[in-house]
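Letters go in sequence order (proteins before strands), and every chain restarts at 1.
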Amino acid sequence: MSVCLDQSFYSRPTDLVAKELLGNRLVRLIESKENGIERLSGIIVETEAYGSDDDPASHAYRGLTPRNAVMFGDVGRAYVYFTYGNYFCVNVSARACERKAGAVLIRALQPVDGIEVMKSFRKTDNEFSLTSGPGKLTQAMNITKLLNNVDVTDPKSLLSIEWGFPAPQIVITQRIGITRAVDRKWRYVAGYRKDSCLLINKYASRRR
DNA sequence: TCGATGATTGAG
DNA sequence: TCAATCATCGAA
């Protein structure tokens, strides 16, 4: 019995949602004639928050366009966009009720279900390079624009987010790969304690 | 219509 | 460190 996070979870400040998504699970169901329904999943270990007209780094900064419409619509929907001519990125729409738009970019997963299938989509055997980046995880789970605006609060959706456990430790940093509002610390990474040091999850992205 | 840009990645 | 690669968007 799977339990998804509901709309009330996403109807809160985007940075808080980004932080609390860590430890929950992104689930992709793939329908195929040979294998029926394949379940791919991974624990969310890295996220970033993006706002609206108050956030120059956000796609929603200059207002509503066809691409970013999901950020302005119902919360708890997948916002999937194409970038750099090669890759998709997946977000979940989320914002406090008084905000115009918002989304949380899912940047990395710790793979759990369907690892062999994900390896074939990614054309690699390296488990640590499977879902350790926003473009990698969409490739591993075959997440494309077809899933834009899918309701991730519905367990029957082809893409959903299941309730899990909060990350035991969280590392907070600046967002990656942006050129504006670089000072804001809206990136959240799952971490763990080792010998009184706080280390980042091994499935998080490596670049900065 | 057109040029600039980008919430990235893999190769070198 | 850098090029690949193209949809999107704002300006013309």
| What are the residues of residues 105-118 of chain A, sorted by number, that bring a heavy atom to within less than 4.0 Å of DNA chain B? | A:Leu105, A:Arg107
| note | With the side chain defined as heavy atoms from C-beta on, A:Lys136 is closest, among B:dT8, C:dC9, B:dT9, to B:dT9
| field | Out of C:dG10, C:dA4, C:dT1, whichever nucleotide has its closest atom nearest the side chain of A:Asn86 | value | C:dA4
| Would you say the side-chain atoms of A:Asn24 pair up with the backbone N or O of A:Gly164, donor to acceptor, closer than 3.5 Å? | yes
| Test item: side-chain donor near acceptor, A:Arg99 and A:Ser52, under 3.5 Å | no
| Under 4.0 Å between a Lys/Arg side-chain N and an Asp/Glu carboxylate O for A:Lys185 and A:Asp15? | no
| Contact class for A:Arg175 vs. all strands (heavy atom < 4.0 Å): base, sugar-phosphate, or nothing? | nothing
| said: Using whole Å, what does the distance between atom C1' of nucleotide C:dC9 and atom CG of A:Leu64 come to? | reply: 13 Å
| Reckon A:Arg122 touches a base, only the sugar-phosphate, or nothing at all at heavy-atom distances under 4.0 Å? | sugar-phosphate
| task | Could you tell me whether the side chains of A:Asn201 and A:Gln110 share a donor-acceptor contact shorter than 3.5 Å? | result | yes
| task | Hunt down the Watson-Crick or G-U wobble partner of C:dT8, both distances under 3.5 Å, from any strand shown, or write none. | result | B:dA4
| Which one of A:Arg122, A:Lys136, A:Arg206 satisfies the side chain to side chain donor-acceptor pair (under 3.5 Å) criterion with A:Ser129? | A:Arg122
| request: Tell me what A:Ala57 touches on the nucleic acid: a base, only sugar-phosphate, or nothing, going by heavy atoms under 4.0 Å. | output: base
Output a table of nitrogen or oxygen pairs between the protein and nucleotides 3-6 of chain B separated by less than 3.5 Å.
from, atom 1, to, atom 2, distance (Å)
B:dG6, N2, A:Tyr84, N, 3.3

| task | Mind calculating the distance between OH (A:Tyr87) and C1' (C:dT8) to the nearest angstrom? | result | 19 Å
| A:Arg207, nearest nucleotide to its side chain (from C:dG10, C:dC2, B:dA7) | C:dC2
